[in-house]
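Just the heavy atoms: all of them, side chains too, but no hydrogens, waters or symmetry mates, feed the values below.
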Amino acid sequence: MTAGARAMLRRLCRDDRGIAAVEFAILAPVLLVLIMGLMDIAYNAYAQAALEGAMQKAGRDSGIEAANTSTIDENLKAKVRVVIPNATFLITRKSYSSFGTAAPERFDDANNNGQYDSGECFYDVNGNRVWDRDPGITGQGGASDVTLYTVTVSYNRLFPLAKLLGWPQTQTTTATTLLKNQPYQTQAVPTVTKICS
């Protein structure tokens, strides 16, 4: 190598112009992915909080005698869509005669395997003469009934970052509340019957 070539190589090694641009090019994608990921997580937490707040109000409003559950559900959707404009909803209500019946129907476990088997006696809570893991009756129920109110919201994530991280592009969040309807009438409680088949 000639002396001029060596001198030029030494000048190039000492030259630090443009190094900030190279460092930025290396770090910028990592920082952008980190910022977008944090914003996505924060947005999902905010969406969950908005859903739970709207749902608690809707649940309380549903428990009064003159409640129109369709109107209440539409109001809930409107409140959630302020935060999540492209949201789709799945809303369910199941009613029970008391908090204690919001569980699988009791049964006599004859073979001690911990699960209901055909032919074992059970205590029919909802009057349908079939053992139910969930004995709830679809709908708001009547006076003094307990209602399990569930709202599931699906929406697209803020950024297309999800594909890079292996996350689904659609986010789903669910809120549930168990509320007692007001005692505006005498409660119609089904008789619990022991059934053996």
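Of the possible polar contacts, one joining the Asp109 side chain to the Asn113 backbone as a donor-acceptor pair under 3.5 Å is found. Side-chain N or O atoms of Gln182 include none that pairs as donor or acceptor with a backbone N or O of Ile64 at under 3.5 Å.
By the salt bridge (charged side-chain N to carboxylate O under 4.0 Å, His left out) test, Lys194 is found to be paired with Asp108, residues two or more places apart in sequence or in another chain being considered. Remark: Phe107 pairs with Tyr116, Trp131 by the ring pair (Phe, Tyr, Trp, His ring centres under 6.0 Å) rule, at least two apart or across chains. The side chain to side chain contact (heavy atoms under 4.5 Å, CB included) search around Met36 returns Phe159, Leu161, not counting sequence neighbours. Applying the salt bridge (charged side-chain N to carboxylate O under 4.0 Å, His left out) rule to Lys180 yields no partners; only residues at least two apart in sequence or on another chain are considered. With sequence neighbours excluded, the residues satisfying salt bridge (charged side-chain N to carboxylate O under 4.0 Å, His left out) with Asp61 are Lys57. Applying the salt bridge (charged side-chain N to carboxylate O under 4.0 Å, His left out) criterion to Glu65, with sequence neighbours excluded, gives no partner residue.
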Show the atom names and distances, to 0.1 Å, of all donor-acceptor pairs under 3.5 Å that link a side chain in residues 134-145 to residues at least two apart or in another chain.
residue : atom : partner : partner atom : Å
Asp134  : OD1  : Tyr96   : OH           : 2.6
Asp134  : OD1  : Gly136  : N            : 3.1
Asp134  : OD2  : Lys94   : NZ           : 3.2
Asp134  : OD2  : Tyr96   : OH           : 3.4
Gln140  : OE1  : Arg93   : NE           : 2.8
Gln140  : NE2  : Ser62   : O            : 3.4
Gln140  : NE2  : Thr147  : OG1          : 3.3
Gln140  : NE2  : Asn181  : OD1          : 2.8
Asp145  : OD1  : Gln187  : NE2          : 2.7
Asp145  : OD2  : Gly142  : N            : 2.8

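Residues in residues 154-197 take part in these disulfide (SG to SG under 2.5 Å) pairs, two or more places apart or across chains: Cys121-Cys196. Screening residues 25-54 for salt bridge (Lys or Arg N to Asp or Glu O under 4.0 Å) gives Asp40-Arg157 as the qualifying pairs, with residues at least two apart or on separate chains. Among residues at least two apart or in separate chains, there is no salt bridge (Lys or Arg N to Asp or Glu O under 4.0 Å) pair with a member in residues 115-129. Listed by first and then second residue, the salt bridge (Lys or Arg N to Asp or Glu O under 4.0 Å) pairs that reach into residues 28-39 come to none, sequence neighbours excluded.
Atom CG of Leu32 is separated from atom CG of Leu27 by 11.0 Å, given to the nearest 0.5 angstrom. In this structure, CZ on Arg81 lies 8.0 Å from OG1 on Thr88, to the nearest 0.5 angstrom. Atom CG of Asn44 and atom CD of Gln171 lie 4.0 Å apart (nearest 0.5 Å). For the atom pair OG1 (Thr176) and OH (Tyr149), the distance works out to 11.0 Å, reported to the nearest 0.5 Å.
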Could you give me the CA-CA distance, side-chain angles and deciding distance for Ile91 and Thr150, then say whether side-chain contact (heavy atoms from CB on, under 4.5 Å) is met? CA-CA 6 Å; Ile91 299 174; Thr150 304; over 6 Å; no

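If you chain together ILVMFWY residues whose side-chain heavy atoms come under 4.5 Å of each other, Leu90 ends up in a group of its own.
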